[in-house]
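Quick notes on the structure that follows.
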Amino acid sequence: MYPTTLTQLARGNPFSAPLFSLQKVEEPQQSLHGQRTRRLAAAATADEGDSCEFGSQKYFILCGFGGILSCGTTHTAVVPLDLVKCRMQVDPEKYKSIGNGFSVTVREDGVRGLAKGWAPTFIGYSMQGLCKFGFYEVFKIFYSDLLGEENTYLWRTSLYLAASASAEFFADIALAPMEAVKVRIQTQPGYANNLRQCVPKMFAEEGLWAFYKGVVPLWMRQIPYTMMKFACFERTVELLYKYVVPKPRSECSKSEQLVVTFVAGYIAGVFCAIVSHPADSVVSVLNKEKGSTAVQVLKKLGPKGVWKGLVARIIMIGTLTALQWFIYDSVKVYFRLPRPPPPEMPESLKKKLGLTE
């Protein structure tokens with residue numbers, strides 16, 4: 001599918017001229033029950049028959065449900081690490097490293113203190129997952145229909161980027177209130193111990209704005225993160241099946257495909273963490289301090305300060321992203337959702353390029 005040298009791979013990236021990339025691409029036809037399938041994305045299979053039509057209302061609802069499970073459960077599971085990461089960002093003098101952060105937290109709050117903020121985390125990221133994965137599928141099909149079959153293939157990575165950015169825009173609006181509550185609980189000891197105490201106190205002090213003042217930094221953090229998460233995952237899956245997996249995807253079992261999903265998800269997660277970390281630092285400080293703006297916080301942190309806690313975030317986000325894709329794909333397999341068709345050059349485009357008679 002792709003040339004073997006690193007130079008040619010770089011020149012064939014999705015931001016180069018599409019015609020060049022196409023001339024270097026040649027993929028075999030694949031069929032399902034004797035019919036040519038649309039090819040857009042990678043991962044789950046359903047050999048026992050589909051439970052619904054691809055792009056139907058039921059399909060989108062179940063994809064949204066998969067998003068709730070994948071994001072809500074995984075983010076809640078890593079609350080202790082997230083708590084230490086946030087405290088390192090807002091008070092680096094006190095919390096000097098991951099190990100030191102855990103020690104200080106346990107010494108001051110006990111082991112139960114590591115679970116602070118679990119409720120807003122679960123609620124907020126469940127809502128975010130619903131919108132992130134559900135709307136991604138919606139926008140991917142919507143933009144594909146606008147582009148047409150040939151342009152969808154030509155610019156498929158750009159399509160992944162646009163669909164994921166559009167989905168995350170709405171997902172962050174759903175996440176913002178609970179993210180603000182979570183950060184306030186985790187980074188201001190003594191302010192509030194749980195969700196029930198924190199919400200009315202924040203509302204009384206700052207009004208509704210307290211829950212949405214971090215939405216712009218959230219967009220700055222989450223939109224690049226999600227664009228990397230989806231586009232990098234989709235393309236990494238393609239490359240793994242081409243160069244690493246010793247047999248075609250159609251011959252792989254569900255378990256083998258889910259292993260590929262996990263590996264591709266972890267690789268995507270590492271890049272996600274790096275891209276979005278500066279904005280994550282701004283969000284953490286902004287939600288801790290009353291009356292601050294994103295620009296003020298950015299100036300205060302400086303070029304080095306925005307990278308505090310990066311190692312903890314790479315560990316957390318790499319694991320999170322891998323588990324999220326694994327859970328999401330497992331939901332698709334369990335409910336026998338239609339397989340998202342993998343990329344394949346349309347016959348009409350092959351004829352235009354002279355690749356077929």
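Basis for what follows: all heavy atoms, side chains included, without hydrogens, waters or symmetry-related copies.
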- Evaluate the criterion side chain to side chain contact (heavy atoms under 4.5 Å, CB included) for residue pair Ile317 and Tyr225; output intermediate values, then yes/no. CA-CA 10 Å; Ile317 296 300; Tyr225 162 85; 3.4 Å; yes

- Message: Main chain of Phe335, side chain of Ser51: is a donor-acceptor contact present, judged purely on distance under 3.5 Å?
- Response: yes

- Item | Residue Lys308 excluded, over 12 heavy atoms near NZ under 6.0 Å | no

- Under a 4.5 Å cut-off applied to non-hydrogen side-chain atoms, are Tyr191 and Cys198 in contact? yes

- Nearest heavy-atom neighbours spanning Val181 and Phe211: CG2-CE2, 3.8 Å

- Point-to-point distance, once rounded to the nearest 0.5 Å, from CG of Leu349 to CG of Leu154: 5.0 Å

- Item | Contact check, side chains of Asp82 and Cys86, non-hydrogen atoms, under 4.5 Å | yes

- Message: Donor-acceptor check, side chain of Gln197 to backbone of Asn193, threshold 3.5 angstrom: yes or no?
- Response: yes

- Message: Show, in sequence, the C-alpha distance, side-chain angles and deciding distance for Val245 and Cys252, and conclude whether the side chain to side chain contact (heavy atoms under 4.5 Å, CB included) test is met.
- Response: CA-CA 9 Å; Val245 180; Cys252 294; 3.8 Å; yes

- Count the heavy atoms of every other residue, nucleotide or ligand shown that sit under 6.0 Å from CD of Gln57, and state whether that count exceeds 12. no

- Item | In one Ile/Leu/Val/Met/Phe/Trp/Tyr side-chain cluster, 4.5 Å: Val263, Phe230 | yes

- Show your reasoning for whether side chain to side chain donor-acceptor pair (under 3.5 Å) applies to Glu179 and Tyr125. CA-CA 8 Å; Glu179 177 74 0; Tyr125 283 94; 3.0 Å; yes

- Message: Below 30° counts as parallel, above 60° as perpendicular, anything between as tilted: where do the rings of Tyr59 and Phe54 land?
- Response: tilted

- Query: Do you know which two heavy atoms are closest between Ala165 and Ile223, and how far apart they sit?
  - Reply: CB-CG2, 3.9 Å

- Item | Joint hydrophobic cluster, Leu208 plus Val199, side-chain heavy atoms closer than 4.5 Å | yes

- Item | Pairwise distance CE(Met127) to SG(Cys131) - rounded to 0.5 angstrom | 7.5 Å

- Query: Is the closest side-chain heavy-atom distance between Gln257 and Tyr241 below 4.5 Å?
  - Reply: yes

- Rounded distance [0.5 Å steps], CG in Leu195 versus CD1 in Ile185: 6.0 Å

- Message: When you group the ILVMFWY residues by side-chain heavy-atom contacts below 4.5 Å and let the links chain together, are Ile61 and Val333 in the same group?
- Response: no

- Euclidean distance, Leu159 CG relative to Tyr153 OH, rounded to 0.5 Å: 13.5 Å

- Determine yes or no for a side-chain-to-main-chain donor-acceptor pair under 3.5 angstrom, with Thr152 supplying the side chain and Ser144 the backbone. yes

- Query: In the single-linkage hydrophobic clustering (I, L, V, M, F, W, Y; side-chain heavy atoms under 4.5 Å), do Val282 and Leu218 co-cluster?
  - Reply: no

- Once you round to the nearest 0.5 Å, how far does CD of Gln188 lie from CZ of Arg87? 11.0 Å

- Task: Can you spot which of Ser164, Cys63, Ser70 makes a side chain to side chain contact (heavy atoms under 4.5 Å, CB included) with Phe133?
- Result: Ser70

- Closest contact, heavy atoms only, Gly309 versus Met88: CA-CE, 4.0 Å

- Close side-chain approach of Lys201 to Arg184, heavy-atom, < 4.5 Å: no

- Message: Testing the basics here: between Val331 and Leu62, what is the closest heavy-atom pair and its distance to 0.1 Å?
- Response: CG1-O, 4.1 Å

- Heavy-atom check, side chain of Ile141 versus side chain of Phe60, under 4.5 Å: yes

- Task: Give a yes or no on whether Phe102 atom CZ has more than 12 heavy-atom contacts from other residues, nucleotides or ligands under 6.0 Å away.
- Result: yes

- Does the side chain to side chain contact (heavy atoms under 4.5 Å, CB included) test come out yes or no for Val79 and Gln186, once each step is laid out? CA-CA 10 Å; Val79 160; Gln186 291 180 339; 4.0 Å; yes

- Message: Is it the case that over 12 heavy atoms from other parts of the model lie below 6.0 angstrom from the CD atom of Glu53?
- Response: no

- Message: Test of understanding: clusters of I, L, V, M, F, W, Y form through side-chain heavy atoms closer than 4.5 Å, transitively. Do Val216 and Val295 belong to the same one?
- Response: no

- Query: NZ of Lys85 to OH of Tyr95: how many Å apart, nearest 0.5 Å?
  - Reply: 14.5 Å

- Query: Is atom CZ of Phe65 surrounded by more than 12 heavy atoms (other residues, nucleotides or ligands) closer than 6.0 Å?
  - Reply: no

- Lys/Arg-Asp/Glu bridge criterion (N-O < 4.0 Å) met for Lys352, Glu150: yes

- Message: Just so I know, are the side chains of Ile327 and Thr74 near enough to count as touching, which here means a heavy-atom distance under 4.5 Å?
- Response: yes

- Message: Given 3.5 Å as the limit, does a donor-acceptor pair link the side chain of Thr321 with the main chain of Ala268, or not?
- Response: no

- Message: Less than 4.0 angstrom from a charged side-chain N to a carboxylate O is my criterion; do Arg156 and Glu234 meet it?
- Response: no

- Message: As a quick check of understanding, evaluate salt bridge (Lys or Arg N to Asp or Glu O under 4.0 Å) for Lys229 and Glu168, giving each step before the final call.
- Response: CA-CA 11 Å; Lys229 174 179 180 175; Glu168 189 61 35; over 6 Å; no

- Task: Classify the ring geometry between Phe262 and Tyr266 as parallel (under 30°), tilted (30 to 60°) or perpendicular (over 60°).
- Result: tilted

- 4.5 Å side-chain heavy-atom contact, Leu114 and Val106: yes

- What one should report as the nearest heavy-atom pair of Tyr143 and Ser166 is OH-OG, 2.7 Å

- Locate the shortest heavy-atom distance separating Leu81 from Ile98; write the atom from each residue and the value. CD1-CG2, 4.2 Å

Can you give the donor-acceptor pairs under 3.5 Å from side chains of residues 169-178 to other protein atoms, not counting sequence neighbours?
none

- NZ/NE/NH1/NH2 to OD/OE distance under 4.0 Å, Lys332 and Asp329: no

